[in-house]
Protein chains: 2
Amino acid sequence: MTLRHSPREGSARRIGGEIPDATIARLPVYQRVLAALAESHVVIVSSEEIAAASGVSSANVRRDLSHLGSQGTRGVGYHVSSLLAHVTQALGISSERPVVIVGAGHIGTALAAYQGLPSRGFRVVGVLDISVDRVGSPVADSAQMRVRPLTDLEAVVREGSARIGVIATPGAAAQYVCERLVQAGVRSILNFAPVTLAVPQDVEIRQVDLAVELQILAFHEQRRTVTIPECSA
Amino acid sequence: MTLRHSPREGSARRIGGEIPDATIARLPVYQRVLAALAESHVVIVSSEEIAAASGVSSANVRRDLSHLGSQGTRGVGYHVSSLLAHVTQALGISSERPVVIVGAGHIGTALAAYQGLPSRGFRVVGVLDISVDRVGSPVADSAQMRVRPLTDLEAVVREGSARIGVIATPGAAAQYVCERLVQAGVRSILNFAPVTLAVPQDVEIRQVDLAVELQILAFHEQRRTVTIPECSA
DNA sequence: CGGTGTGAACCACTTCACAGCA
DNA sequence: TGCTGTGAAGTGGTTCACACCG
């Protein structure tokens, strides 16, 4: 589990919607599952089936879907294409969302090269790096976009109208880059650097730390080993 | 928040420990913060300070630390080095945990090259890929380890005694790789492929999907834009 | 029937507020 | 005095179980 919601005084007077955070985090998964079903020309699907394909309980699926004014048919199930449309709409992926990526190391490049982004509504408007070795080289093999120098950050954000930024730099640079992004107008940041960023409260941060994920796994692994053999459930 | 705890019938009769999942997810962060403080020769730290550096409330920090039989001093704070030792111990990072990585694309390479792993108790015992283009090339610039063919998977797991595996392949290959990992004895899997993996209940999965993280950010971004100006809190 | 939608119970985690102690 | 540790209250999310309906 990644951390970070705006923990404090958040919930800025939710007006219309009212979809729980936990549900939101699952919507993209449902979207993926439904898209795959649509691809396979499946017309109707039950909450049980969605559940199996998403790793969530069926009751939870129904509850989640009910939050978006559910369109299921009792005794039958959900109409795949119409449900997919609803989920997609709820996620706001009608338009192309411009994203700027800072750091052209492995992670930054991975994201920039990720084929799945356009179909999910994102467009990478720029990849920046401070290293002269990387600046000017193609963002991905066989891509026409080239890595730009960090000095172009404000220009890239402005020209691309980016409101979402990704920090894929070493930890030491992250806070500095973060401030420049915020200054340039970015309001949502996905941070891969292993540091806690300080930001104004109207900026949302999501933190993904690869080592942390491994450590959580390791903890359970350890407990499993320590928790003695006998007395298996 | 990443998904996936073993949701169902998990809680395999917890015996000694009893540390909540949410706390476990934060321990690595505290560890990082404490390590930085120790580096700076700070001797004593308060829950308030840890909170600020971790992006958590101070009450939450105290509660979390109390779960590991806390060693704070009332009216003073926590002794950095001893607390760090406790946290590290709780995370079970006394020993080197072998990890096998499948997929030598950007993400797999990023993880393999990540400097922070050894200090967190991990050792990458092998990076595998199916592509002949990648097999045999160095795992990272200036690393002596080389990418091995997927056919070596069982051998690498066995020789390295890996119990933790990382799947950094395209989605289509993930379930197949997953099954081979489990078959080979891996019990904990970190999955970067955008698919839900089916595994026996005694195998733990953690899912990290870069596009999903972006979509969650985008949702809030959208709501912010839609939720009209006036009536600001 | 069979599967959705949902009140109600349940559970896990967080926050409050303060007693207790160096 | 000041900060930890923790009962008690609060919050948010999940699961149960069943009424409802195509």
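A, B, ... follow the sequence lines: proteins, then strands. Residue 1 opens every chain.
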Worksheet item: Counting just side-chain N and O atoms, does B:Y78 come under 4.0 Å of either OP1 or OP2 of D:dG5?
Response: yes
Discussion item. Please determine whether a side-chain nitrogen or oxygen atom of B:N60 lies at a distance below 4.0 Å from atom OP1 or OP2 of C:dT15.
Written reply: yes
Worksheet item: Judged by atom type as modelled, is there a donor-acceptor pair below 3.5 Å linking the side chain of B:R97 to the main-chain atoms of B:G92?
Response: yes
Discussion item. Can you build the contact string for nucleotides 6-12 of chain D? Use B for base contact, S for sugar-phosphate-only contact, and - for no protein heavy atom under 4.0 Å.
Written reply: BBB----
Worksheet item: A:Q71 CD to D:dG22 P: how many Å, rounded?
Response: 14 Å
Item to complete: Look only at the side chain of A:Q207 and the backbone of A:A193, and say whether a donor-acceptor pair between them is shorter than 3.5 Å.
Response: yes
Practice prompt. Assign B:G77 to base, sugar-phosphate, or nothing according to its heavy-atom contacts below 4.0 angstrom with the strands shown.
Written response: sugar-phosphate
Practice prompt. Grab the two heavy atoms, one from B:L190 and one from A:L210, that are nearest each other, plus how far apart they are.
Written response: CD2-O, 4.4 Å
Discussion item. Quick check on side-chain contact (heavy atoms from CB on, under 4.5 Å): which of B:V100, B:V186, B:L181 does B:I167 satisfy it with?
Written reply: B:L181
Worksheet item: When the distance from CG of B:D64 to P of D:dT4 is rounded to whole Å, what number comes out?
Response: 13 Å
Discussion item. Is a donor from one side chain sitting under 3.5 angstrom from an acceptor on the other, for A:S82 and A:Q71?
Written reply: no
Fill in: Residue closer to the 5' end of DNA chain D, A:T23 versus A:V76 (nearest nucleotide)
A:T23
Worksheet item: Once you round it to whole Å, what is the distance between C1' of C:dT6 and CG of A:L68?
Response: 15 Å
Discussion item. For the backbone of A:P194 and the side chain of B:R32, can you confirm whether one donor and one acceptor N or O come within less than 3.5 Å of each other?
Written reply: yes
Discussion item. How many whole angstroms separate atom CG of A:L65 from atom C1' of D:dT15?
Written reply: 16 Å
Discussion item. Heavy atoms within less than 4.0 Å of DNA chain D: which residues of residues 44-52 of chain B have one? Give them sorted by number.
Written reply: B:S46, B:S47
Discussion item. Treating B:T196 as the side-chain partner and A:A53 as the backbone partner, does any N or O pair qualify as donor plus acceptor under 3.5 Å?
Written reply: yes
Worksheet item: Do any N or O atoms from the side chain of A:Q175 and from the backbone of A:A198 form a donor-acceptor pair under 3.5 angstrom?
Response: yes
Worksheet item: Taking A:R224 for the side chain and B:D202 for the main chain, is one N or O donor matched with an acceptor at less than 3.5 Å?
Response: yes
Practice prompt. Could you check how far NE2 of A:H67 sits from C1' of C:dG7, rounded to whole Å?
Written response: 13 Å
Discussion item. Rounded to whole Å, please give me the gap between CD in B:E18 and P in C:dC11.
Written reply: 14 Å
